[in-house]
There are 6 protein chains.
Amino acid sequence: MTDLPRPDGRQNDELRPVTFEPGIAPNATGSVLVSFGNTRVICAATIEKKVPRWMNAQGVKGGWVSAEYSMLPYSTHDRKQRDVNRGKQDGRGIEIQRLIGRSLRAVIDLQKLPGHTLWVDCDVLQADGGTRTASITGAYVAAEMAVRRLMKDGVLTENPFKDSIAAVSVGVFYDTSVLDLNYPEDLAASVDFNVVMTGSGQFVELQGTGEEATFSDDQLTQLLGLAKKGIGELTELQKAAL
Amino acid sequence: MTDLPRPDGRQNDELRPVTFEPGIAPNATGSVLVSFGNTRVICAATIEKKVPRWMNAQGVKGGWVSAEYSMLPYSTHDRKQRDVNRGKQDGRGIEIQRLIGRSLRAVIDLQKLPGHTLWVDCDVLQADGGTRTASITGAYVAAEMAVRRLMKDGVLTENPFKDSIAAVSVGVFYDTSVLDLNYPEDLAASVDFNVVMTGSGQFVELQGTGEEATFSDDQLTQLLGLAKKGIGELTELQKAAL
Amino acid sequence: MTDLPRPDGRQNDELRPVTFEPGIAPNATGSVLVSFGNTRVICAATIEKKVPRWMNAQGVKGGWVSAEYSMLPYSTHDRKQRDVNRGKQDGRGIEIQRLIGRSLRAVIDLQKLPGHTLWVDCDVLQADGGTRTASITGAYVAAEMAVRRLMKDGVLTENPFKDSIAAVSVGVFYDTSVLDLNYPEDLAASVDFNVVMTGSGQFVELQGTGEEATFSDDQLTQLLGLAKKGIGELTELQKAAL
Amino acid sequence: MTDLPRPDGRQNDELRPVTFEPGIAPNATGSVLVSFGNTRVICAATIEKKVPRWMNAQGVKGGWVSAEYSMLPYSTHDRKQRDVNRGKQDGRGIEIQRLIGRSLRAVIDLQKLPGHTLWVDCDVLQADGGTRTASITGAYVAAEMAVRRLMKDGVLTENPFKDSIAAVSVGVFYDTSVLDLNYPEDLAASVDFNVVMTGSGQFVELQGTGEEATFSDDQLTQLLGLAKKGIGELTELQKAAL
Amino acid sequence: MTDLPRPDGRQNDELRPVTFEPGIAPNATGSVLVSFGNTRVICAATIEKKVPRWMNAQGVKGGWVSAEYSMLPYSTHDRKQRDVNRGKQDGRGIEIQRLIGRSLRAVIDLQKLPGHTLWVDCDVLQADGGTRTASITGAYVAAEMAVRRLMKDGVLTENPFKDSIAAVSVGVFYDTSVLDLNYPEDLAASVDFNVVMTGSGQFVELQGTGEEATFSDDQLTQLLGLAKKGIGELTELQKAAL
Amino acid sequence: MTDLPRPDGRQNDELRPVTFEPGIAPNATGSVLVSFGNTRVICAATIEKKVPRWMNAQGVKGGWVSAEYSMLPYSTHDRKQRDVNRGKQDGRGIEIQRLIGRSLRAVIDLQKLPGHTLWVDCDVLQADGGTRTASITGAYVAAEMAVRRLMKDGVLTENPFKDSIAAVSVGVFYDTSVLDLNYPEDLAASVDFNVVMTGSGQFVELQGTGEEATFSDDQLTQLLGLAKKGIGELTELQKAAL
């Protein structure tokens, strides 16, 4: 690794300050405002007594977990037009919400949500890089809160979570592998990885892209090492918040 | 007036607790989280160096003020589907954002925003009645904050606001005229009024509806009296917040 | 009031010539071509043996009344693009049709339309100001005609109308309060009110806006006086037409 | 031909009563309410100082003629949902408006409309079979009226029409070839033809379909003979109306 | 007829080389790649155990045949944007797929497809004029293949086809009537006819248009003669392919 | 690894038969029908003399590469509804086409496509697992063909490709890591990886998902080993095809 310092002075393997403020949206069953530095995302989990139509059509038992991701128009420096006014959701948002949903379903036993859909909404209030990893990390906290409340209320009899999940980005910034990129780093990075792992250290999703560049085996090894360290720390912070 | 108490024990002419938390969305030029009791709305103002196409087409000088209103899916007790998934914005939301925009333009000199659009977004975080009046009241605070910052930054040379605005609902609840209805009152009300007024006591908008009922001259007089009292108090709270 | 004459020479408290031509759309259950001066609107009422899905879902009994409003492309001096080609209905149209529907429902006992939806369509053939008030005034006539025919045909057993409704605009035109504004007056008006009242003199809806201006208590009183006079005359003309 | 009488007692080669009421939509440049028996269509022509984008892009000179066709919701016995609420225009309507536009362009010299688009809107007020042929026949009258007014006003220097057009349907109804089918005949017809011809007797469009059936050379000859007779009569009625 | 040779040296009454390559899309029940010279269309027939909603609603018995037509973006010399990105299907495509569906239904006994929909998709791989006639001609082959396989599989008990269909274009190219126009001829043609006929020589659909021109009785006779000759040859080629 | 044989009898590290048929869509600048066993995709590259609007708006120099992916309705065993009829593209398709575009841009020097967009369309003709990896592998071949033709035609002066790319899937099937999963394997797989690499052995994209399961470091190492072997073979096959 080189000596070029990170824009905000962090160590290469250092997360931004991470906080979880519970109860941001009191009408949700569980909600949290998660911050990864200046990236702030409202994560809210709600339950609906209904499953997607295809489950009924195909006779699939159990429940479902569905995620939605959106950037509020004022979350970016230049105002971002609302999807509804463009007539369709933007491709990046669709990709991210599919990732959040898949990640949650990897650690949830859908048979323990019989006849219900657990919705997890992630609305970005302030964007400064890593909105998808902050969303996943916060989504788990909001969903776990919701699940605990639903058990207390007798809606669920068992906790469907088999493990926790957290996510972090890693990337190559001026030839150096760094953890948890903020927006300026993300813009300049030649390789960009999003890693989702369980609390027990298994991989859930790995999405790495060379963004108009490519990467080697050695870089992959380094990046995954940083990601594991970051996920470990996030898992501890999640436990503390719950 | 009868003796039937209000569900939350308020006097008939009493507002819910009103608060303004500035800076909720730091990437916006001005932002505030406004609360009217349990109704909480993120109001964020951003500036764009561009005017609507029709202004250029028709050769209209000056700038523009545009508002958008949306309920976050987890703001209601039953999750509300996002507009983008329904393929279009819901009619009620369109009506409300048109009202917010008209109200702001009534007290803004558009010639003092040359070549710019001031966007004011209102996203409801928690809905408990009066989301449109909380939105207008918060929208003014966010917009005034934005305008002051734009003047400090030299983007604007004069403050385009000619006056402040605030809004409150009044209605007839079991034959009694009451101020600032919460959701249970709103559901039961036979007459529902939204009143927008300036800080100096002029009317900006008056929208009264009998909601499957009708109302008399006397009721109108009573309701407008309550509204004026409420707006006066909101105006003081806005001043304190700025 | 000042001495500035109205563009078409009317007294300040004078309606435009109002006519109702029945039977304009013979396949509808009731229809009328209503004219307020040069503003002409086709109003047609049709019945459907079906209620909106939400009524069934929520177990609401009775029937429903739904209104649709549209400006034909050639109703304005410059051709107005059809909504379907823009991909969505314009916000102003949505607002107006919601107003028409609410107004009709205020005087209809929905329990007397069991299992039916009464549709009232208002298509503007020629626009010269006051299209929404002409629409409401004509919608009542078309709906009453439809209801009488449905009673004759044995589809309905009782008349669901509890009262008649009519609507008129009032506004401040060069500091003078005037009744029933035509398009040139509407463009120049600083305050614009739409008032919907029952035949027996109760308010149904009151929508007043300062259109980039504001108004005082005194102006409000004057405007409401004019509106009541106009509604009284319209109610008589409706009776004569039925 | 058999002896089975037509439902409305007409001869096999007899048109329904045809009328043209001019001025139905006074804000249009030319307009007419055309009736073919109980089929009534508002035809309105308006001019716009603009050509379609593709003409500019491809450097095509001259002007353009564009038609739109729509059935008003109350034109049919069962209310027809508006296209904008279905989110898209129905396929049949698109097909018909493309036919109207092509037919008009066949007799118009587009070089004599330099820089302008002539819009012709056809809105069906009452549908009883033959709405597309009534639309074309009325569209020509409205467009010719508009063109004459535009010449009077100095907008156009020459009349771009090279000929008139009219249209009529013919079909096979219980093995008999008949002219100008009304709705009950249309429903029962095994072969359905729409024929557009010029005033001077040339074919413009010929659309024949077996509608789940087929037809022979002899039937084709008979049907075209009836169509020519009908078009001749419609052409005379158009001349009288102009 | 004049002596001006056709661009590709064909006789006036000569088809382009026509081929049918079966099995282009093995997951379909029947499929064929049809070529009319350089025009190549993938035709694929699939069966679905479901009928359109309106059939159930109206209590119509039997099955249905539905066609879809689309030009692949790379089928034309200049890339054609996909319909889904324009947000709606283009009018020409809608018109063509309605024609394909109607044509197939004219020779199919829908009672012999009880409870099923037969979908026929036509995707143009290379466009050089006559894509709709090649589509219909290939659609029949793909559908007949599908039907035979469904009978073999015991899904259908009888062959619902009453006859075969084929289609060809004819037109007037520099005052000469010619058969099966390719793209350069189509562009220059003053009259353009699409003729659909059964294998036994009955007409199914006749669509002739003067494309900004008109045509006479004599031209009509000549064109229909050419079309019959072409259809006869196509019918033989279809038989050979099946 | 266990002894459970693969459904089609392949070795765990064995690709399906891979073929490239050039010229499938002759109007494209370059095209190929790629087959990975029964998965067949039409890949077509076309050039457009235009860049996306945002490049002009942001003053970005060079050209662009854009990919589109779609499954033809008859590519699956149960017919898949066209996106245009659903009103929007499905989320999975958007995700895949974004991946194809990013992958191509990773090995293309956009400065060598000045002012042009290279479109690469991938339409799935038959789906049997691995449609996205077959698409990327074929997209490179089609694009390289197009680029060579554009250089021959003098449209491009230099070849913008810096390297080749190919893609393959790997996954865990009943506890065994296998290469190039077909549809039955994909359905049953607990871990699913898509790997995009350059001809020179660098990573371009790595997308691994536990699909309702998780995976370990060791599994990751095994899977990447298989992927590298597969990509190496695909690269040789691409070279042979070009």
Sort E:Leu99 into side chain, backbone, both or neither according to what part of it lies under 4.5 angstrom from a heavy atom of chain D. neither
For E:Arg53, is the CZ atom crowded, meaning more than 12 foreign heavy atoms sit under 6.0 Å from it? no
Tell me whether the count of non-hydrogen atoms from other residues, nucleotides or ligands lying under 6.0 Å of CZ in D:Phe161 goes above 12. yes
Working for side chain to side chain contact (heavy atoms under 4.5 Å, CB included), residues D:Leu206 and E:Thr209: CA-CA 7 Å; D:Leu206 200 60; E:Thr209 174; over 6 Å; no
Any idea which heavy atoms bring E:Val204 and D:Phe215 closest together, and the distance? O-CE2, 3.9 Å
Enclosure of D:Asp78 CG (heavy-atom neighbours >12, cutoff 6.0 Å): no
Is E:Leu104 close to chain D through its backbone or its side chain, or both, or neither, when contacts mean heavy atoms under 4.5 Å? neither
What part of E:Asp109 is in contact with chain D, defined as an atom under 4.5 angstrom from a non-hydrogen atom: side chain, backbone, both or neither? neither
Heavy-atom pairs under 4.5 Å with chain D, option from E:Gln207, E:Glu95, E:Arg92, E:Met197 with the top count: E:Glu95
Using 0.5 Å steps for rounding, measure from the CG atom of E:Asp217 to the NZ atom of D:Lys228. 3.0 Å
Could you grab the distance from atom CZ of E:Phe203 to atom OG1 of D:Thr214, nearest 0.5 Å is fine? 10.5 Å
Please classify the contact between E:Ser216 and chain D as side chain, backbone, both or neither, with a heavy-atom cut-off of under 4.5 Å. both
Quick check on D:Leu224 against chain E: is it the side chain, the backbone, both or neither that has a heavy atom closer than 4.5 Å? side chain
